[in-house]
Every structure is written in structure tokens, then in C-alpha cells.
Amino acid sequence: MTTVASPVTAPPTAGLPKNSLRMLSAAGFVSNFDRFCIAPMLVLIGTHLGVSLSTVVLAASGYYLCYGLMQPVWGVASDRLGRVRVMRFSLAGAAVAAFCSAAAPDATVLIGARAVAGAFFAASIAASLTYVGDTVPAPVRQRPLSSLMTAFALGTAVATVVAGVVALYVSWRLVFALPGLFAVYLVFALRRLDEPEREPVGSLLAPMRDVLRSGWQWYVMAVAALEGAVLLGFLTYIAPALESRGVPTALAGAVSALYGVGSMSAAQWVKRLVGQWGPVRLIVAGGVQMAAAYAVAAVSQSIPALVVTALLLGGGWSFMHSTIQSWATGLSATARATGVAMFGVALYVGSAVASAVSAGAAGAHHYGTLFTVAAVLTVPLTVAAAVGRSRYGK
């Protein structure tokens, strides 16, 4: 088996330079902006294109599905070619897909363009997380990961606010073009980011074999799939639930954006608690917040109720997901990008399946039932994540 040498320009250090963290955060920000901007526009796009809500939801679920399925492709490429090179290439493709989404003449083209955009934007967050795994020791890794989560949450919050306002007062097409422009900028800006040292890999499929031989990898992937379904799949329906009650698109988007506010606020607490609280305690704290959030939404889909829901879901995401994500970055040091990518596959396939399966109920405005299901599913998610992490022991 031949060994492929990897470029080394920046050795791993105990910390991560602020400029590097800012660029990684920017890449994750634009990826999350593109992924979440469609939620507050679903009803408006359906009206403009003359199709049903369940049809427009396919643009979101198709995005999530391709986002998840492309994770291992980008992971293997990243392990062989480098984190930064893969991010720059994928962002170039994402920019083209974003501009095609903005110019889509009908629902069919929009669904296809969003699927391609999801496939290309899929590389950014996983590569950013892997970069941190390459350069920051495990005991303090969750702190920069929490900073990245803050940037990702900011992308979510900005997307939902900007999408609702711009779509209502200007055009939903401009919303899709914005991340395309940002992606073009990052293609050039990321040239300043040093490539971290990484373990050399052999054959093309060697990283995948290493990852899939791990029983813990499969366990974490199962947890991630359930987490994606519970949180990302049902989170999509906060804005449509409000719009079904006559709430304007801009206001519905603003309420949905509070998820990002909750996530950013909670991320600051998580950074302080790392080292004081164990991972199991952080996971349980996140699960409690998520269960309470969906329980509130199941009872009422009013503006005050969904404000509480969005804030609690953001907090739950920061406590639970950052802990599970930190766990995932340490499962395979020799194929870290592929391992993180497979985690992403499970997360986003779970979200795609949940949003697709629930599209019919959403179209019939059965939002209370959807949120009840999400609340119930949060219980086995929290138990599985907490028990697994306690037994992993690293």
C-alpha cells in the first residue's frame, strides 16, 4: 500500500490563531446561511411559483439529503487533498449552485439547484470542524468548537431574519444569491489559511474502511441521525407554523431566527462549563431544553410560544450537539475528516428523512402533532447520547 504525503505548512498547536478561527467561522456561517434561509420563504416561494407547500418542502429536504450524502465524499477528499483545498473547491461549486437557485424559473429547477447547492456547501462545516480536530488537543477542543457553533448559529439567525425580510420586501431570489456572493469571496480569502498537518492516508478507500470498522463510529452516527431528525427536521416548521396562523413572513422568520440567538447565548455558557461539567451532564442539559421546547410548541403555535421554542432549541443544540460533535472528532485520528463526514451524513440524512416524512402533516397544518412527535423523540435521543458518551470513557 502506497503512502501519499500531505502538505504541511502549519503544525498542530495547543491553540488556534484568531484569524484562522475567523475564516473557519466564516465558511461555516455561509454554509448555515444557505441551508436555513429557505425555511421562512417556503410559503412565499410556493405562492410565487404556483405550487403547494409540500412541493416546495422538497427543495429543503433535497438540500438536506444531498448535504448529508456528500459528507463522505468531501471527507475522503479532505483526508487525501487537504482541508483548505477542499473548502475552496466546494465553495466555488456552491456559488454556482446558489446563483442557479436565484435564477430558477420553476419549482423543478429550484429543487434541483438547491440539491446541488446542498451537495457543495456540505464540505464547509465538516472541514472547519476537522481543522479544529487537527490543530487543538482533545481536552480543550470543545472551546473552539463552541466558537464555531456560535458562528454557525449566527448564520442560522441572520439567514432566517434576512430571508424573511428580503423575500417579503425585495425578492426571495436575492436571498439565494447572497450566500453565492459570500462563497466567491471565501474562495479567495481562504488562500490565507494554512493547511494543518494530518495523518498520511493510503488507498482511496482506506479512510472509509478505518472509520466503518469502529463500533463507536456507528453508535455516534445512529445518535446523530436521531438528533438530525429531532432538531433539524422539525425546526424547519417553526416559520410555516406561524404563517399558517396569518403571521407575516418577515415576523415568522424573525421568530425562527431566535433559534440562532438561543444557540449563540448558550454557546458562551458551554465554553465556560467545559472542564467543570462532564459531557454527559452537558448532553442531558441540552436534551431537557429540547424536550421542553417542543412540548411548548405542541401545546400552542402562537408567537410567544414559538419564541420560547426557538430560544430553547438553540440552547439545546449548543449544549447537546457541540458535545456530541466534539466526541465525533476524536473517534478516528487517522481518518478524522472521514469520521466527521460520516457523522454529518447521519445528521443530515436524519433531518432530510424527518422533513420529508412530515411534509404531508405540515401541508395539512397539523403542527401540534409534529411538535408532539419531536418532543417524544427527544427522550430516546438524550438517553442514547448520554449513555453512549458515559461508556466511551475518553
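Quantities reported herein were computed from a predicted structural model and do not represent experimental measurements. By convention here, the first residue in the shown sequence is residue 1.
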Any donor-acceptor pair under 3.5 Å linking the side chain of [X] with the backbone of [Y]?
X      : Y      : value
Glu243 : Val43  : no
Arg191 : Phe188 : yes
Asn32  : Phe152 : yes
Thr135 : Tyr131 : yes
Ser31  : Ala27  : no
Ser25  : Leu21  : yes
Thr323 : Phe319 : yes
Arg83  : Ala127 : no

Are side-chain heavy atoms of [X] and [Y] found at a separation under 4.5 Å?
X      : Y      : result
Leu282 : Trp269 : no
Met290 : Leu312 : no
Phe182 : Phe29  : yes
Leu129 : Phe343 : no
Ile38  : Tyr63  : no
Met23  : Leu186 : no
Asp106 : Leu49  : no

Non-hydrogen atoms of [X] and [Y] that approach each other most closely:
X      : Y      : value
Val345 : Pro72  : CG2-CD, 2.9 Å
Thr378 : Ala374 : OG1-O, 2.9 Å
Ser300 : Leu306 : O-CD2, 4.2 Å

Practice problem: Quick one: which residue pairs count as a side-chain hydrogen bond (donor to acceptor under 3.5 Å, both in side chains) with a foot in residues 365-374, not counting sequence neighbours? | Solution: none

Quiz item: side-chain hydrogen bond (donor to acceptor under 3.5 Å, both in side chains): which pairs involve residues 107-129, sequence neighbours left out?
Solution: Asp34-Arg114, Ser101-Arg114

With sequence neighbours left out, what residues match [X] under side-chain contact (heavy atoms from CB on, under 4.5 Å)?
X      : value
Ala115 : Cys66
Arg245 : Gln301, Ser302
Ser351 : Tyr64, Leu232, Tyr348

Residues clustered with [X], ILVMFWY side-chain links under 4.5 angstrom:
X      : value
Val284 : Val280, Val288
Leu44  : none
Val299 : none

Quiz item: Roughly how far, to the nearest 0.5 Å, is OG of Ser358 from CZ of Phe371?
Solution: 9.5 Å

Quiz prompt | Straight-line distance of Ser256 OG to Leu251 CG, nearest 0.5 Å | solution = 11.0 Å

Tell me which donor-acceptor pairs under 3.5 Å the side chains of residues 86-95 have, and how far apart each pair is, sequence neighbours excluded?
residue	atom	partner	partner atom	Å
Arg88	NE	Val187	O	2.6
Arg88	NH2	Val187	O	3.2
Ser90	OG	Val86	O	3.0
Ser90	OG	Met87	O	3.0

Quiz item: Given the rule in the side chain to side chain donor-acceptor pair (under 3.5 Å) test, do Thr55 and Ser52 qualify, once you have shown the distances and angles that lead to the verdict?
Solution: CA-CA 5 Å; Thr55 298; Ser52 66; 3.1 Å; yes

Please tabulate, one pair per line, all N/O donor-acceptor pairs under 3.5 Å involving side-chain atoms of residues 222-230, not counting sequence neighbours.
residue	atom	partner	partner atom	Å
Glu227	OE1	His321	ND1	3.1
Glu227	OE2	His321	ND1	3.2

Quiz item: What residues, two or more places apart in sequence or in another chain, satisfy side chain to side chain donor-acceptor pair (under 3.5 Å) together with Trp172?
Solution: His48

Self-check item: With Ser244 via side chain to side chain donor-acceptor pair (under 3.5 Å) - residues at least two apart
Solution: none

Exercise. Would you check if there is a donor-acceptor pair between the side chains of Thr309 and Tyr259 at a distance under 3.5 Å?
Key: no

Exercise. Look at the rings of Tyr219 and Trp216 and say which category their plane angle falls in: under 30° parallel, 30 to 60° tilted, over 60° perpendicular.
Key: perpendicular

Quiz item: Cationic tip of Arg35 within the cone over Phe121's six-membered ring, i.e. under 6.0 Å and within 45° of the normal?
Solution: no

